[in-house]
Every structure is written in C-alpha cells, then in structure tokens.
Amino acid sequence: MNVYDGERMAEMLEAGGYAAAAEGADADLVILNTCHIREKAAEKVYSDIGRLKREDGSRPTIAVAGCVAQAEGAEIARRAPSVDVVVGPQAYHRLPDLIARAERGEKAIDLDMPLDSKFGALPKRAGGQRPTAFLTVQEGCDKFCTYCVVPYTRGAETSRPFADLIAEARALVAGGVREITLLGQNVNAWDGEDERGRAIGLDGLIRELAKEDGLERIRYTTSHPNDMTDGLIAAHGEVDKLMPFLHLPVQAGSDRILAAMNRSHSVESYLRVIERVRAARPDIAISGDFIVGFPGESEADFEATLAIVRATQYAMAYSFKYSRRPGTPAATMDGQVEEAVMNDRLQRLQALLNEQQQAFNERTVGRTTRLLLERRGKHDGQLIGKSPWLQSVHVAAPGLAIGDMVEVRVTSAGPNSLGAEPLMEEVA
Ligand code: 5AD
Ligand code: SF4
C-alpha cells in the first residue's frame, strides 16, 4: 500500500510542477514514506534522514509520511530536527499546503484522519508505462490483533465507493495497465453499492471489474480469514480474470496463541477456508504471513505452526519474528520470548516454507501457461513476467515487449523464479 500511496503522492506533486530527481540529497524535496509494522522498518527512517545531507552541508526539504509519521507525530521532528513535514497516511492529499508551510519555515504536522477521504482530493490517475498497477479499495482495520499497529495508524475500516474504483480502474487501463491488484489492509472486508444501488462485497467488485475490456488480470491482497465470504470463494472458480492466488495470513498454528493474538479464527476454521477455496479453484496458490515468538509461545505452540504449514502447503509466505510495538496489548503481555529462541524458530519455519515454495515451483515445470511481461531480465532479449500464480518467470523473448501476454511452457524451477520458453507470439 505504501507503493500505491507513494505513486499517488508523486502524481499529485507532478501535477503541481515537481519532477522526479535521481538522487535523494540532490532533490529539493524528499518524502520518506514509512512503515511502522515492525520495529526495524520504523527505525529505518531515522538512518535515512541522516543520509540526506548534501556535500555543502545543506539539505533538502524533508517530509516524513506514512505510519511512522502517524504513530510518532511531532516526536519525529524533535528526534530529527531536519524534518520539516510530518504527515499521516490519511492526510497526504494536503502535502502541497504542508510543503508550502515548511518552505515558510514552519514545522508542518498533519496527523488528521479526516472523514472526507483523501482520495477525492487527489488528482486523477495518470496511468503509466507499466502493465500492472495497484488500486487501493479499502483502508484501515477493525480487527485489532493484539500485536498490530495498523488499526491505530491506518484507522478504522473504510471502503472506497464503487463508482470511484471503476473510474480509477478505467483510467489505469486507458493508460496501458493490464493487471490490477486491489489493495486493502483487509481487502476482503470491502463493501459498497453497485451502480444500481445493490449492496456488494469484494466479489461483486471483482465481477464488475472483470467486465472491463483491456483489463486481463485481477488480484487482491491482503485478506482476513473471517472475511472470506461464500461469494468471494465462488468467484475464484467462476471469474477467469481473477488469478489463482490467495494471500491469506494465519500468523500461528496454535489456537491458544491465535486467541491471545485476538485473531478471531481458529486453526480449524482457517483450514476449512483453504479447503473450500481449493474446491472452487483446485490449482490456487496459497500464500501466508507468520509470526514466531508471540508472547507466551511455547515450543509446542510453535510446532503447531509447523503443523498448519504442513497441512496447508504454501506456494510462498512471509514470516517474521514478533516485534514489540508500543501501545499494542501484546507489548505488555507476560512471556515475551527471547531473541535466540525466536531466531531458532524463524529459521526452522523458513526452512519448511522454502521447501514448500521450491516444491510448488517444481510442480509448474512442464505446464503451459500465460505470462504478463513486466520487466527486462539481466540477459539480452530476456524478459521477466508473472505467472497466474505470481511466480516470476524468465523467458527469452526477442520481439516481445513489456506489457505483452505470452503463452509459454515452464522449463525450469528455482526457489524464487522459473524459466520458460515461449510457445507463440503475443496472445490477444
Ligand atoms: N511483529 C511481527 N510481525 C508483525 N506483523 C504485524 N505486526 C507484527 C508485529 N508486531 C506481520 C503480520 C502481518 C504482516 C503484514 O506483518 O504477519 O500479517
Ligand atoms: Fe493488523 Fe491484519 Fe490483524 Fe488488522 S487483521 S490488526 S492489519 S494483522
């Protein structure tokens, strides 16, 4: 979502006469768009600020945006006096005004979460040269997992209106985009009304977007297991443009830990969702997020996490050591787990997840599939595209261009990417 927000900020500033600079310190203005989800990500902003000095000792105007800004507010400007603007993730449409205030010598701080959405105030999507784009459809979270800062930094769950999303998708497609990834902290909690005023969920939005000519692929991320509705599960079997990939974090495999995390789903209910999604779309790739070392996690609890990984069989996954976030309920829970124990568990979990990812990739070898070519590879004439299952695939494709869809046969699999050969030229 920060990538999406960053693009919207850039587009807004470009509309106001700014142009992108090559190097941070040479720029007149630098915006650091930050993440507060784990301590490491949050600390990075301070070292980045330190690096923004020019050789002559001067510095650019510096704005800190995003969730670190929201969580730390004026504290940032105290700790790093060279920061001129602090702006939260719901207020960045006001950046031009904040920058103007900073240029007059003020510390401009805006942590509002205004009811009138920032989206209405941003300029229309420019479209770009790329074939894929993100589209934020939902923001915020009401789930309050006990380890997580998102409900505090991104605010309550809100859905953007249907008509705005269709308009934004059309602008992206008109600019050459062929694949859209719908974004939200709880994307499958999106709800709205279609043009006839009927209440719809994310599946309804996906079905409407699938009618757009020129849009070839639809993805969405990130979902909560409790918001996997019957309609959304069915859409995976029925909507051709909806790609066979589901990122569905479970976090842990012990019901005791899931309860302490306030996840409000159980191991069994999660596995049941996976089973139903696979019944609707047998080849679907499942991805997940995991936290090891949540307060109170015993060796037996951790082994239950390994067990749910074995039961699910992931195509890919992200896994993290628990990071204590100030202000969250888990930060003050008893039984904080030692760093060495967390390191050991993370290593064991990642070994299993890597094994599963390699096995998933190997299962695609020999298959015929379609790629959307996204970028150039290292070798001459080589392009890299994404498979329907979100794998990066290298293909030697002279005569083809970024943005083309190409039919290929997968010929090799590594841990992080596949090799393939084209079967024919551009497939319409
Ligand atoms: N510590 C470690 N990982 C976290 N995540 C969220 N909060 C924390 C935390 N305090 C992880 C979760 C979530 C992903 C985006 O980040 O796995 O799904
Ligand atoms: Fe954080 Fe996701 Fe839980 Fe919301 S559902 S509190 S974003 S981990």
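Order of appearance sets the numbers: ligands from 1, and atoms from 1 within every ligand. Keep in mind the model is a prediction, meaning the values are calculated, not measured.
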Tell me which protein heavy atom sits closest to [atom], plus the residue, atom name and distance to 0.1 Å.
atom	result
atom 5 (N) of ligand 1	Arg38 NH1, 3.5 Å
atom 6 (C) of ligand 1	Ile37 CG1, 3.4 Å
atom 7 (N) of ligand 1	Tyr147 CD1, 3.3 Å
atom 3 (Fe) of ligand 2	Cys145 SG, 2.3 Å
atom 2 (Fe) of ligand 2	Arg263 NH1, 4.4 Å
atom 14 (C) of ligand 1	Asp289 OD2, 3.4 Å
atom 4 (Fe) of ligand 2	Cys141 SG, 2.2 Å
atom 1 (N) of ligand 1	Ser323 N, 2.9 Å

Between Lys118 and Glu139, does at least one N-O distance fall below 4.0 Å, as a salt bridge requires? yes
Does either side chain, that of [X] or that of [Y], offer a donor lying less than 3.5 Å from an acceptor on the other one?
X	Y	value
Ser264	Asn226	yes
Asn343	Lys321	yes
Asn188	Tyr220	no
Gln350	Ser319	yes

Give a yes/no on ligand 1: does Lys321 have at least one heavy atom closer than 4.0 angstrom to it? yes
Tell me, yes or no, whether the heavy-atom count around Gln347 atom CD, taken from other residues, nucleotides or ligands under 6.0 Å, exceeds 12. no
Look at the rings of Tyr4 and Phe119 and say which category their plane angle falls in: under 30° parallel, 30 to 60° tilted, over 60° perpendicular. tilted
Report the relative orientation of the aromatic rings in Phe144 and Tyr152; use parallel for angles under 30°, tilted for 30 to 60°, perpendicular for over 60°. perpendicular
Show me which atoms of ligand 2 lie under 4.0 Å from any heavy atom of [X].
X	answer
Phe144	6 (S)
Pro151	6 (S)
His224	5 (S)
Lys143	4 (Fe), 5 (S)

Taking heavy atoms and a distance under 4.0 Å, where does Pro249 meet ligand 2: side chain, backbone, both or neither? neither
For ligand 2, which part of Tyr147 has a heavy atom less than 4.0 Å away: the side chain, the backbone, both, or neither? side chain
Closest non-hydrogen contact found for Ser412 with Val365 is C-CG2, 3.9 Å
Need the ligand 1 atom indices (1-based, order shown) with element for anything under 4.0 Å from a heavy-atom of Tyr322. 1 (N), 2 (C)
Ligand 1 atoms nearer than 4.0 angstrom to some heavy atom of Phe320 are 3 (N), 11 (C), 14 (C), 16 (O), 17 (O)
Check whether any N, O or S atom of Cys148, backbone or side chain, sits closer than 2.8 Å to atom 1 (Fe) of ligand 2. yes
Measuring from non-hydrogen atoms of Arg154 to any atom of ligand 2, is the shortest distance under 4.0 Å? no
Centre of Tyr46's six-membered ring, under 6.0 Å away, within 45 degrees of the axis: is that where NZ or CZ of Arg79 sits? yes
Both conditions, 6.0 Å and 45 degrees, for the charged tip of Arg348 above the ring of Phe302: are they met here? no
Tell me which one of Ile109, Val87, Asp84 satisfies side chain to side chain contact (heavy atoms under 4.5 Å, CB included) with Leu98. Val87
Quick one: does ligand 1 sit under 4.0 Å from the side chain of Gln251, the backbone, both or neither, non-hydrogen atoms only? side chain
